[in-house]
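Below, each value reflects all heavy atoms present in this structure, side chains not excepted, and no hydrogens, waters or symmetry copies. None of these values were measured; they are calculated from a predicted model.
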Amino acid sequence: MTELPNSLTNDPAQSSPSAVAVVAAPSPAAPARRAHLTIRPSKPWKFVDLIEVWEFRDLLFSLAGRDLKLRYKQTILGVAWVVLQPLLGALIFTFVFGVLGHMKSSGTPYFVLSFAGLLGWNLFANTISRSSTCMVANSNLVSKVFFPRVILPVASSLSVIVDFCCAFCVLLILLLIYRVNPGVGILLLPIWIAIMLMAALGIGMVTSALAVSYRDIQYILPVFMQMLMYASPVGYSLASVHAKLLKDHKLWVYPWYCANPLTGMLSAIRWSLLGRGHLLVGPTVWSAACAIILFASGLMLFKKMERRFADVI
């Protein structure tokens with residue numbers, strides 16, 4: 001039998017060379033999609049991702065506003081407590097240190113001097129006390145919702161800044177009444193406030209992270225803050241301490257007293273507000289360096305302990 005040519009066969013693969021090419025050609029592979037989110041284990045020592053915190057800024061401001069509303073809810077005097085607390089404290093300090101202790105005030109009314117010291121101290125102390133309990137107080141959010149945990153202590157500090165601004169307005173009225181001119185030094189006040197907040201936030205982040213596992217922090221911290229207040233120039237000036245030590249021939253204690261990071265910062269705040277005396281460069285630089293170290297250490301320690309918050313709290 002004669003074999004038919006390829007053009008007359010019924011097999012389409014053999015009858016058309018072009019058909020063979022179409023069938024044999026491999027189908028093009030689908031383009032690979034790049035991952036939008038990559039989850040990697042965090043490093044043992046790493047700073048908080050500040051870009052991620054900025055992305056959750058709406059939550060930050062919402063938590064700060066909620067803190068302000070809940071703090072004075074169902075109170076008779078309401079926001080007036082922001083003003084009454086430093087006023088009453090300044091009256092007590094004036095009687096104890098000014099009248100009974102005969103502390104010098106360098107020509108400034110002692111009530112104004114005490115109020116200015118309490119203004120800086122309350123900013124520091126309230127930031128620590130409110131940020132140290134923020135993790136435990138918001139345990140439902142921490143255990144169920146994802147967000148940068150560092151937002152909680154930062155939101156607490158924002159509400160404290162609002163209280164500071166209210167008390168600062170009262171101080172301006174007192175300066176007008178007693179005719180105290182702060183001078184150009186008041187322009188440096190935002191710098192001292194920022195440094196004070198850095199130190200307070202650094203301590204607050206560490207204590208809030210420790211409070212998740214060790215609830216003893218809420219009992220230890222108030223005692224520590226009370227002792228620190230009397231060891232700092234809050235109700236008295238640093239110049240009166242120097243004069244007292246010089247009179248008693250114990251001037252060797254003065255450098256140790258200035259080793260307290262709050263000494264230089266409170267003195268700088270009082271100098272900017274009252275315009276009396278001189279800015280002590282050495283204690284101020286030391287306080288600023290300690291504040292930066294505390295803030296950086298707080299960020300790193302908070303980030304290191306953050307991964308176990310939801311499991312332990």
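In this structure, Ser297 contributes its side chain and Leu294 its backbone to no donor-acceptor pair below 3.5 Å. A donor-acceptor pair is defined here as one N or O able to donate and one able to accept, closer than 3.5 Å; no such pair exists between the side chain of Arg179 and the backbone of Leu175. Checked by atom type and distance alone, the side chain of Ser272 never pairs as donor or acceptor with a backbone atom of Ile269 at under 3.5 Å. With hydrogens and angles ignored, the 3.5 Å screen pairs no side-chain donor or acceptor of Thr263 with any backbone N or O of Ala259. Side-chain atoms of Ser159 come within 3.5 Å of backbone N or O of Ser156 as a donor-acceptor pair.
Closest of all the heavy-atom pairs between Ser287 and Ile195 is O-CG2, 4.3 Å. Here the shortest heavy-atom pairing between Ser114 and Gly235 reads OG-O, 3.9 Å. Here the shortest heavy-atom pairing between Ala211 and Val136 reads O-CG2, 3.7 Å. The minimum heavy-atom distance linking Met196 with Gly120 is given by the pair CE-O, 4.1 Å. Of all heavy-atom pairs between Pro86 and Leu118, the closest is O-CD1, 3.5 Å. Shown here for Val206 and Gly298, the closest heavy-atom pair between the two residues is CG2-CA, 3.8 Å.
Proximity of Trp121 to Leu228: side-chain heavy atoms (C-beta onward) are separated by under 4.5 Å at one or more points. Proximity of Ile193 to Leu197: side-chain heavy atoms (C-beta onward) are separated by under 4.5 Å at one or more points. Side chains of Asn122 and Phe164 form no contact here, defined as non-hydrogen atoms less than 4.5 Å apart. Under the 4.5 Å side-chain criterion, counting only non-hydrogen atoms from C-beta, Leu262 is not in contact with Met229. Within the 4.5 Å cutoff, the side chain of Ser208 has no heavy atoms near those of the Ser131 side chain. Counting heavy atoms from C-beta outward, Phe93 and Leu113 have side chains that stay 4.5 Å or more apart. Under the 4.5 Å side-chain criterion, counting only non-hydrogen atoms from C-beta, Tyr110 is not in contact with Phe95. Looking at Leu63 and Leu59, their side chains come closer than 4.5 Å, going by heavy atoms from C-beta outward.
Hydrophobic cluster membership is shared by Leu91 and Leu171, with clusters built from Ile, Leu, Val, Met, Phe, Trp and Tyr side chains linked at under 4.5 angstrom. Hydrophobic clustering (side-chain heavy atoms under 4.5 Å, transitive across Ile, Leu, Val, Met, Phe, Trp, Tyr) groups Leu188 together with Leu172. If you chain together hydrophobic residues whose side chains sit under 4.5 Å apart, Leu246 and Leu238 fall into the same group. Transitive grouping of hydrophobic side chains (ILVMFWY, heavy atoms separated by less than 4.5 Å) brings Val170 and Ile161 into a common cluster. Hydrophobic clustering (ILVMFWY, side-chain heavy atoms < 4.5 Å, transitive): Leu274 and Ile177 are in one cluster.
Using cut-offs of 30° and 60° on the angle between ring planes, the pair Phe111 and Phe115 is tilted.
Considering CG of Leu201 and OG of Ser157, their distance stands at 4.5 Å, rounded to 0.5 Å. Rounded to the nearest 0.5 Å, atoms CE (Met227) and CE (Met225) are 10.5 Å apart. A distance of 10.0 Å separates CZ of Arg270 from OG of Ser105, quoted to the nearest 0.5 Å. Taken from CG in Leu87 to CG in Leu174, the straight-line distance is 6.5 Å, to the nearest 0.5 Å. Distance check, rounded to the nearest 0.5 Å: CG of Leu221 to OG of Ser132 gives 5.0 Å. Interatomic distance, OG1 of Thr127 versus CG of Leu123, reported as 4.5 Å (0.5 Å rounding).
The neighbour count for Gln218 CD, taken as heavy atoms of other residues, nucleotides or ligands under 6.0 Å away, is above 12.
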Test side chain to side chain contact (heavy atoms under 4.5 Å, CB included) on Thr108 and Tyr178; report intermediate values, then the result.
CA-CA 9 Å; Thr108 305; Tyr178 289 97; over 6 Å; no
Are Leu210 and Met305 close enough, and set up right, to give a side chain to side chain contact (heavy atoms under 4.5 Å, CB included), and what steps lead you there?
CA-CA 8 Å; Leu210 291 175; Met305 294 184 283; 4.2 Å; yes
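Within the structure, ring-ring contact (aromatic ring centres under 6.0 Å, His included) contacts touching residues 239-284 (residues at least two apart or in different chains) are His242-Tyr254.
Shown are Phe124, Trp286, Trp192; of these, the side chain to side chain contact (heavy atoms under 4.5 Å, CB included) with Met265 is made only by Trp192.
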